[in-house]
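To start, the structure under review is shown below, and the notes come after it.
Fair warning: this is a prediction, and the values are worked out from it, not measured in the lab. So that the names make sense, note that chain A is the first sequence line, chain B the second, and so on, each numbered from 1.
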Amino acid sequence: MLKLSLVTCCFVLSVVIEGLALLDLGVSPYSGDVFHETPLIIYLFHFVVDYAEITFMLADVITAVALYLAVKDYNKQVFRKQKFALEADRYPLDCLELIRSPKEMYYIPLKVAMFYLLNPFTILSCVAKSTCGLNNAVIALFILSTIKGNVLLSAIFLSLATYQSIYPLTLCAPALLYLMQRQYIPVNFRRASFWWFIVQYAFMYLGSLFVIICLSFFLLGSWDYLPSVYGFILSVPDLTPNIGLFWYFFAEMFEHFRLFFLCVFQINVFFYTIPLSIKLKEHPVFLIFMQLAVISIFKSYPTVGDIALYLAFLPVWSHLHRFLRNIFLVSCVLLACSALFPVLWHLWIYAGSANSNFYYAITLLFNVAQILLVSDYFYAFLRREHHLTYGLYLKRKDGSEATLVLK
Amino acid sequence: MGLLSDPNRRRALISLLTRLNTPICLVCYMAGVAWFMGLAFEPFTLRTYMSENAMGSTMVEERFPAGERALATGREFAAHKKKVGGMPVDWLVKTMQARGLEVFTQSFSRTLPFPDENKERYMVKGTNVYGILRAPRAPRTEALVLSAPCSPGDNNQAVGLLLGLAQYFRNQIYWAKDIIFLVNEHDLIGMQAWLEGYHHTNTTGMDWSPLQGRGGSIQAALSLELSSDVITSLDLVLEGLNGQLPNLDLANLFYAFCQKIGVLCTIQGKLQRNDWDSVSGYSHAVQTMMLMVMKQASGRPWGDHGLFLRYHIEAATIKGINSFRQYKTDATTIGRLLEGMYRKLNNLLERLHQSYFFYLMPSLSHFVSIGYYMPAFGLLTVILLLRALDLWVQLTHIFTGRYLSIYSACIGNSPLLIKYVSSQQSSPGVLSVLTPLVISHLTGVALYTLPIRFQEMAVEHFPVSETEAVVLTAIAVYTAGLALPHNTHRFLSGEGTEQGWRVLKLVAVLYLAVLLGCTALINFSLGFILALTLVPVAAFVTPHIPKVLSAFILVILSPACTLLFSVFFFQELQEMPVSFQDGWLLYLSVISQGILDHFLYGSLVYPLIALLVYPCWLLFWNILFWK
């Protein structure tokens, strides 16, 4: 039961089985108020329902392998770029200690895979048989194909991920930036090649999305699933407690404010894409990490599996550690919150002595800590880039040592 | 956010916290203890008040007349009990049926993991008898329970009163909730069987026959213990399984009716005093509160009500006490008190939820709520966080210090050399932290599983009884764990570094903080007592302090010794001091009771100590012997 609070109860295997049973009886699985999975998931489980455990484990392994390969490739590129910059003497002299050595980078892909597989959050979500594991696999494959530079596969996996849960839509910005960077297309609004590439990618993306949606229609023979899946994600009718921010707010809210705040809450996920892509247009992979984190914090039904996916990227940024400022505080808070979730859930639901406020307080703290973590990494990344251009030991005009202040 | 982003202010704050770390920690510890002791001072506490509207404003009249007849029934019950040599099931069924209740029985059996020497039972078989008075005025969706345990000793008057009340309640028309009259055999084991049967759960693997009749969902329950015809005072017992407490409104209700009817009422067997401003008055309040803390920390149910709380049912035990006071109360008055309480509970519109669930009571009319007592605990945990911050700063200084020295050494040299040097340094291996963690947890698992597993083998080879075998094995495993650090180091070929123990201590300190925090949320008293002893250990231990003295202090402050002191302290509080010999025997029986409570009722204290707290303490022990 506990796992249901951590892994949103609408996206677990038992619900899928319920949908399957309804389908077998000739009833639309969406006619009830329980099933909100996409049609492709039903048909996937139609074949593998007897091997469900293995499917979920396999999905996690696929995610880990995809991340491993992707990060390996990315690290190679980072190193190559660094070599060119060094040869061109573009780095200031005192920045040499910021330069990454192949030795420290060697184990990073392995660390990423292990971070994903051994993360308690991943294990929890796999044990709970949350379909989040499948979504993670799709997103990981998208990242792999993007980093490998395969435009078509990248668009197809992105459309699959979007089809599963709308939010990965925001990942198209980093994908575009990355692919353009790879093909040496400058990000310039006046260039025709820029627009031509966007049109190409959009065509592939929308085309595959169209195919998938039509396929789902033909599988079920009705459009029932559209409101039931996407309406469910966007209008948040299910207020079962989870680790997100939505349920408590919307349980407390007066009905006539609901639409307004719904928009405010949902815009959060999409809005950060624009400033982040402008700021990080040179570093699309870091942008992917930021976007994944933003999605997992602000999405309407977050689960621990989503958190596990972006946490897996932390080893890639291990060279930023010296610039992180609040990592100690944040990791303490994250640790304490993860331990307090089950305790407060027990006190609220089983013992009946605490109430929802206790649990929500921890949820809020957990999310604040996540936001701090992400913004800390963002700051550290920007600061390293700053040092790489201006030198590590900055001097003020009068010669004393300067400090960077974030304002 | 200025504090988090402005590097200068951060640096100032951090240097302040690290420079003054030890004094701040000392101040926090003393402030925490002082805050806790202050909780019993009456001006700092709140007066209890009835929060539940449904029970507040409506006055009820108590008219129960038949105390004498109830006592006569009790005597009859005693006679039948003597004749049968246990629970007189047939007589009870007949009597309850004669009073117009729907009567059902439930049989249960349970073999304990090892014999219980306190209550002298091993293979328990028994029967619960309960009668349901169906609510005439409402759709029978809710129920109240009145229970009286049928114990081999004296509880006959309680059963008599229960039957008398059943007869009287049957003739009233205002009941809107079913009232279940339950006579349970083998106290908590019977209660556990009945509750599991009622809620269709089976958490402890007990055999019981399913219940034939059920009422609605149970809203509140009272358990009655009376062993004499007249009493001088009534004692209210609140502490349930795992230190859970019923809603404070139940205590308020009891207090309000005691005031109205004029019965002396106590909590923890202590009367309330009015001279709070005198030293003796204050120490009386401290004593009462400490008794509650000790009982709650033990995590065991202190009355038959204790298991109800697990099912969201507010419950308390009311104990009649007959001492040498002048003023006596007869059974009619107690009956009237119970009638009044049940009529108020009958008025409830929803579950009791308005008042507090987390509280301590220095007297029956005053309470300390969670907002007042948590700071005491918070001040103790802050010490752990400060120590962790200190360690973190030390660790980062070691690393950045190295960077700087390398940098200054290499200025002007080729980048290749820099690269070579910087690749030489490595952080302390994960292995050196992970090994003690894993090993101490494995010891914890051994402490949890071995005593029960090996009892037969121990009985074969040593001249001890099963119970002694379990307890002594537990103590043996516990002591054997102390030999671990030397052996793990030999195993690891002595690679402990200066940073190694710092990292290990950082992990251990944070682990302890999270562990204590979670414990204190579930069971404040247990968390506070553990914090009181473990926080100093965590704060001062390093490998560089005198070994023998600090090892001695560490052992004194270890969980097992804390339990030993608690036993003596508890006896002292109850004004029944014991000699060391008796205290030791009591200690052994407390351990066996703790293990039994876990296996019988699912109490969490034993697994918590064995699987989490003890390994955590072992980590500190490990740090002390770090080489």
Side-chain angles (χ1 to χ4, degrees), chain A residues 86 89 91 93-104 106 111 114 318 321-355 358 362 368 372 375-376 379 383 392-393 402-407, chain B residues 1-2 4-11 240-242 244-247 309-314 351-353 356-358 370 381 385 388-389 391-393 395-396 399-400 403-404 406-407 410-412 414-416 418-423 426 506 510-511 513-515 517-522:
Chain A
L86 266 181
D89 268 339
Y91 292 141
L93 247 188
D94 57 352
C95 278
L96 287 173
E97 62 185 272
L98 289 184
I99 285 166
R100 308 176 62 193
S101 65
K103 195 183 163 201
E104 60 159 323
Y106 184 74
K111 275 187 197 163
M114 288 298 112
S318 57
H321 276 184
R322 56 179 299 174
F323 298 119
L324 291 177
R325 299 160 308 158
N326 302 321
I327 189 69
F328 176 66
L329 181 75
V330 169
S331 43
C332 283
V333 173
L334 284 179
L335 202 81
C337 285
S338 317
L340 286 175
F341 271 132
V343 169
L344 289 169
W345 181 259
H346 169 86
L347 284 180
W348 174 24
I349 301 296
Y350 294 98
S353 38
N355 52 37
F358 288 61
I362 287 303
V368 168
L372 274 181
S375 52
D376 215 14
Y379 166 82
R383 182 157 168 202
L392 187 55
Y393 297 96
T403 47
L404 282 181
V405 180
L406 184 74
K407 275 189 178 156
Chain B
M1 273 346 233
L4 287 179
S5 57
D6 186 343
N8 295 325
R9 257 183 265 167
R10 279 162 58 87
R11 206 173 300 147
L241 186 72
N242 289 329
Q244 212 181 331
L245 301 170
N247 195 292
L309 298 170
R310 172 154 59 184
Y311 297 92
H312 260 233
I313 301 165
E314 308 315 319
R351 282 179 188 282
L352 283 171
H353 67 281
Y356 296 85
F357 283 96
F358 298 101
I370 182 168
T381 356
L385 298 181
L389 182 74
L391 284 167
W392 175 261
V393 171
L395 281 171
T396 42
F399 286 125
T400 49
Y403 268 120
L404 282 179
I406 292 163
Y407 173 71
C410 303
I411 270 188
S414 70
L416 270 175
I418 298 177
K419 215 175 257 178
Y420 172 72
V421 175
S422 59
S423 64
S426 61
L506 182 67
L510 288 178
Y511 181 26
V514 171
L515 181 62
C518 291
T519 314
L521 271 175
I522 293 177

Run the side-chain donor-acceptor check on residues 330-339 of chain A: report pairs under 3.5 Å with partners two or more places apart or on a different chain.
unit_1   : atom_1 : unit_2   : atom_2 : d
A:Ser331 : OG     : A:Ile327 : O      : 2.5
A:Ser331 : OG     : A:Phe328 : O      : 3.1
A:Ser338 : OG     : A:Leu334 : O      : 2.6

With only heavy atoms counted, which part of [X] is less than 4.5 Å from chain A, the side chain, the backbone, both or neither?
X        : value
B:Leu389 : both
B:Leu309 : backbone
B:Ala513 : neither

What one should report as the nearest heavy-atom pair of A:Ala351 and B:Gln244 is O-NE2, 3.0 Å
When rounded to the nearest 0.5 Å, the distance separating NE2 of B:His353 from OG of A:Ser353 is 14.0 Å
Under the rule for side chain to side chain donor-acceptor pair (under 3.5 Å), what residues qualify as partners of B:Tyr356, not counting sequence neighbours?
none
